[in-house]
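Heavy atoms only: backbone and side chains are in, while hydrogens, waters and symmetry mates are out. Order of the sequence lines fixes the chain letters, A, B, ..., with proteins taken first and strands second; residue numbering starts at 1 for each chain.
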Protein chains: 2
Amino acid sequence: MVKTGTSAGRAADQIVRALEGKIRTGQLVDGNPLPSERELMEEFSISRTVVREAVQMLSGKGLVETRPRFRPVVRKPGVDTAIETISGVVGHLLDQPGGVRNLFETRIMVEAALVRQAAKEATRDDISALKYALDENRMAINDSELFYLTDTQFHAVFFNISRNPVLPAVQRAYTTWLAPHWMRMPRLPDRNRRNYEAHKAIFEAILMRDPDAAEDALRAHLAQAWAQVRATFGEI
Amino acid sequence: MVKTGTSAGRAADQIVRALEGKIRTGQLVDGNPLPSERELMEEFSISRTVVREAVQMLSGKGLVETRPRFRPVVRKPGVDTAIETISGVVGHLLDQPGGVRNLFETRIMVEAALVRQAAKEATRDDISALKYALDENRMAINDSELFYLTDTQFHAVFFNISRNPVLPAVQRAYTTWLAPHWMRMPRLPDRNRRNYEAHKAIFEAILMRDPDAAEDALRAHLAQAWAQVRATFGEI
DNA sequence: GTATCTATTTGGTACAACCAAATATCACCC
DNA sequence: GGGTGATATTTGGTTGTACCAAATAGATAC
């Protein structure tokens with residue numbers, strides 16, 4: 001029987017909705033493989049064509065993870081999932097003139113807000129986390145590979161202070177998307193030291209509970225970083 | 001001939017990349033329909049199945065727009081495209097406990113940063129745009145439908161001041177995603193007036209070039225809005 | 001020139017078949 | 001008995017054909 005144009009009008013969308021539900025309610029457990037395509041086509045009485053289509057849609061929405069020849073794996077949606085979903089488009093945006101600049105500008109804005117907040121309401125734990133990250137950063141000045149890592153982790157502390165799970169994911173997005181430009185920059189102990197000093201200045205402003213100074217230090221730091229990027233890549 | 005497992009290993013990904021390129025370079029013009037599936041299968045010597053798969057992927061990436069029975073339309077990627085792409089996942093996130101709260105919190109943070117910036121560097125044009133939006137808002141106090149609109153537009157001004165095209169898109173995202181909660185709130189002239197007064201307070205702080213006051217006013221305003229949401233929906 | 005009816009195109013779905021990579025099964029040897 | 005490797009069985013990837021119903025283009029009538 002060739003059943004076409006079903007009442008509801010759409011197609012595999014129904015399957016998608018059904019599976020979406022099963023994932024959200026936990027009937028399909030996070031991390032487990034999806035039922036095989038043949039099973040699904042039997043369960044919903046549809047052709048494999050439609051099953052594949054549905055699975056692909058779910059993959060596009062980030063609810064399942066598909067590797068080329070493997071069973072799709074269920075993934076309960078999280079902030080990181082959302083961010084991965086747009087990575088493709090963002091890639092194109094960054095290729096456009098001014099794309100990187102625009103993204104980086106929002107990062108400055110967000111992080112400026114975060115350091116202000118840190119200066120105002122960082123707990124003792126937050127501050128010791130910050131101090132730890134700063135020390136790690138200092139000790140890595142002569143190891144550029146490690147310095148990049150500790151640099152990122154220092155900044156990460158700010159994104160954690162709010163206790164809002166969205167923000168750490170946002171930072172991961174920023175670092176992932178901007179990494180191509182950062183990683184290919186010449187990294188010299190000299191520059192590392194300057195960056196460390198900038199971090200230290202931010203830290204001290206936060207210690208002094210001075211939001212304005214913290215914001216200024218952060219902006220100076222990121223502006224300098226941007227200048228380095230420009231020096232490496234030119235107009236972007 | 002049944003050709004499988006081609007050298008490169010993947011499948012419709014190649015087609016996706018090819019089409020991606022054609023879209024970015026403008027060979028496939030923004031707004032125009034994609035070639036028909038049959039044409040594409042001939043052009044790339046692949047089965048229609050694969051063509052459809054590729055098109056779907058492009059759709060998932062937001063590079064083409066597909067309505068159920070219509071020709072897919074090419075869409076050059078923009079920030080809005082990116083945001084639409086994640087709308088699906090975000091929907092799930094908002095359903096989770098605390099989801100709305102977390103999102104709204106980031107909105108407060110971002111907008112607080114924006115009003116600070118506005119207070120510091122708004123041009124004469126920015127300020128008159130703000131004043132215009134404020135007046136429109138005042139005149140709509142007794143028309144709740146219109147008030148919601150002018151409310152949104154008042155806030156929109158802040159997202160425009162930076163001249164960064166990412167931010168207006170972000171605001172559209174916020175309003176879209178949070179709309180379901182805002183629109184179903186009881187809207188009374190009384191509340192409208194209170195919100196208008198809050199807007200006015202923010203505006204005046206910006207006029208005075210006082211970032212701290214502007215931020216405080218903005219935070220008070222949004223905190224109140226949140227309280228209203230809570231009063232309507234309870235724990236969310 | 002506009003409206004209406006008809007032919008053709010085009011997307012949506014189904015089914016059957018096949019390949020190659022994964023995975024499960026089992027016999028075999030230490 | 002507990003690994004180890006060869007074998008059988010899934011299972012995802014792809015092709016081809018076929019058919020329906022909605023869109024669109026084309027022709028015809030008004």
Side-chain angles (χ1 to χ4, degrees), chain A residues 1-20 22-23 28-75, chain B residues 1-20 22-23 28-29 31-75 88:
Chain A
M1 178 181 75
V2 177
K3 177 177 53 181
T4 326
T6 331
S7 56
R10 294 84 161 196
D13 292 9
Q14 302 182 10
I15 315 301
V16 170
R17 261 186 304 240
L19 292 177
E20 255 179 331
K22 286 194 176 185
I23 291 176
L28 288 174
V29 186
D30 182 50
N32 282 35
L34 218 56
S36 83
E37 299 182 348
R38 269 107 176 164
E39 280 180 78
L40 287 174
M41 74 185 263
E42 211 179 306
E43 179 180 348
F44 293 101
S45 328
I46 48 175
S47 75
R48 199 143 83 88
T49 312
V50 176
V51 171
R52 306 197 92 247
E53 204 168 321
V55 170
Q56 227 189 298
M57 286 184 174
L58 288 175
S59 166
K61 288 185 161 205
L63 292 177
V64 306
E65 195 162 7
T66 63
R67 278 186 300 156
R69 277 243 160 222
F70 291 75
R71 289 278 277 286
V73 174
V74 176
R75 259 184 45 179
Chain B
M1 177 180 77
V2 177
K3 178 179 52 179
T4 324
T6 330
S7 55
R10 294 83 159 202
D13 293 9
Q14 302 183 10
I15 315 300
V16 170
R17 261 185 305 240
L19 292 178
E20 256 179 332
K22 288 196 174 183
I23 290 178
L28 289 173
V29 186
N32 282 35
L34 218 56
S36 82
E37 300 183 348
R38 267 110 176 163
E39 281 180 76
L40 287 174
M41 75 185 261
E42 211 178 306
E43 178 179 349
F44 293 102
S45 329
I46 49 176
S47 73
R48 199 143 81 89
T49 312
V50 176
V51 172
R52 306 197 92 247
E53 205 168 321
V55 171
Q56 228 189 302
M57 285 185 172
L58 288 176
S59 165
K61 289 184 161 207
L63 293 177
V64 305
E65 194 163 4
T66 63
R67 278 185 300 156
R69 278 243 160 221
F70 290 75
R71 288 277 276 287
V73 173
V74 176
R75 258 183 45 178

What about A:R48, does its side chain sit under 3.5 Å from the base of D:dG13 through a donor-acceptor pair?
yes
Side chain of B:F70 only, please: which of C:dC15, C:dT10, D:dA23 is the nearest?
D:dA23
From CD of A:Q56 over to C1' of D:dG13, roughly how many Å is that when rounded to an integer?
12 Å
I need the CG-C1' distance between A:L40 and D:dT10, as an integer number of Å.
15 Å
Nearest-Å distance, CD (A:E42) to P (C:dC15)?
12 Å
Shortest non-hydrogen contact from A:L40 to A:L19?
CD2-CD2, 4.3 Å
May I have the distance from A:E53 (atom CD) to C:dG11 (atom C1'), rounded to whole angstrom?
10 Å
Among D:dG12, D:dT15, C:dG12, which nucleotide has an atom closest to any side-chain atom of B:V50?
D:dT15
When you get a sec, tell me which of C:dA14, C:dG11, C:dA20 is the closest nucleotide to the side chain of A:S47?
C:dA14
Using only modelled atom types and a 3.5 angstrom limit, is any donor from either the side chain of B:R52 or the base of C:dG12 paired with an acceptor on the other?
no
Between C:dG11 (P) and B:R69 (CZ): distance, integer Å:
10 Å
Can you measure B:M41 atom CE to C:dT9 atom C1' for me and round it to whole angstrom units?
15 Å
What I want to find out is whether B:E43 reaches B:K22 closely enough, with some N-O distance under 4.0 Å, to be called a salt bridge.
yes
Start at the 5' end of DNA chain D and walk down; is the nucleotide closest to A:S36 or to A:T49 reached first?
A:S36
If the condition is side chain to side chain donor-acceptor pair (under 3.5 Å), which residues does B:E42 pass it with, not counting sequence neighbours?
none
B:N32 CG to D:dT24 P, straight-line distance once rounded to whole Å
14 Å
Which is true for B:R71 with a 4.0 Å heavy-atom rule: it touches a base, it touches only sugar-phosphate, or it touches nothing?
sugar-phosphate
Results of salt bridge (charged side-chain N to carboxylate O under 4.0 Å, His left out) for A:R71 - residues two or more places apart only
none
Checking A:E65 side chain against A:P72 main chain: does a donor-acceptor pair fall under 3.5 Å?
no
A:I46 CD1 to C:dA14 C1', straight-line distance once rounded to whole Å:
11 Å
